[in-house]
Amino acid sequence: MLELAIGIILGCCALGAGVAMIAGIGPGIGEGNAVAKACEAIGRQPESRGQVTTTMLMGCAVAETTGLYALVIAILLLFVAPGRFVDILMQFIG
């Protein structure tokens, strides 16, 4: 019975890490759209290249933090959480 509970804990942590990494899709799509629109803007008004590039890079940096937070959560779920949950289970059992 204990092995089943530990297996469920490990499986749920792995599943949670996979779901957390779905958040990596958003920054990729958002940054791609930002770069595409920046290229369009520079193509239409080449003299504003510096300002458009600076704004685009700041926006991409902010968008990337979402993916980094998801990566940190996934790493914690894979390497830290299972041990902590198993310790809590062992304390609860006895």
Side-chain angles (χ1 to χ4, degrees):
M1 189 68 171
L2 181 64
E3 292 83 15
L4 177 64
I6 292 173
I8 290 172
I9 289 172
L10 295 175
C12 288
C13 286
L15 185 64
V19 169
M21 286 313 299
I22 291 175
I25 295 172
I29 293 171
E31 289 174 22
N33 285 338
V35 171
K37 295 299 180 180
C39 288
E40 271 183 40
I42 292 171
R44 290 181 183 175
Q45 292 183 335
E47 65 275 359
S48 66
R49 180 175 58 109
Q51 188 176 5
V52 170
T53 302
T54 303
T55 305
M56 179 202 60
L57 289 176
M58 285 299 296
C60 286
V62 171
E64 188 65 30
T65 59
T66 307
L68 292 176
Y69 288 143
L71 178 64
V72 168
I73 295 298
I75 289 172
L76 288 174
L77 280 171
L78 287 176
F79 297 110
V80 177
R84 301 282 289 188
F85 288 142
V86 169
D87 289 344
I88 292 170
L89 177 68
M90 292 300 192
Q91 288 175 356
F92 182 73
I93 287 177

| note | In V72, T65, T66, the residue satisfying side-chain contact (heavy atoms from CB on, under 4.5 Å) with Y69 is T65
| query | Can you name the residues that form a side chain to side chain contact (heavy atoms under 4.5 Å, CB included) with V62, not counting sequence neighbours? | reply | none
| said: Please enumerate all residues that pass side chain to side chain contact (heavy atoms under 4.5 Å, CB included) together with A17, with sequence neighbours excluded. | reply: A74, L77, L78
| task | Just jot down the side chain to side chain contact (heavy atoms under 4.5 Å, CB included) partners of V80, sequence neighbours excluded, or say none. | result | L76, R84
| task | List, by chain and number, the other hydrophobic cluster members for I6, where Ile, Leu, Val, Met, Phe, Trp and Tyr join if side-chain heavy atoms come within less than 4.5 Å, directly or indirectly. | result | L2, I9, L10, F85, V86, I88, L89, M90, I93
Let me check something: any side-chain donor-acceptor pairs from residues 24-50 under 3.5 Å, sequence neighbours excluded? List them with distances.
| residue | atom | partner | partner atom | Å |
| --- | --- | --- | --- | --- |
| S48 | OG | Q45 | O | 2.9 |

| query | In the single-linkage hydrophobic clustering (I, L, V, M, F, W, Y; side-chain heavy atoms under 4.5 Å), do F79 and L71 co-cluster? | reply | yes
| field | Any C60 side-chain heavy atom under 4.5 Å of E64 side chain | value | no
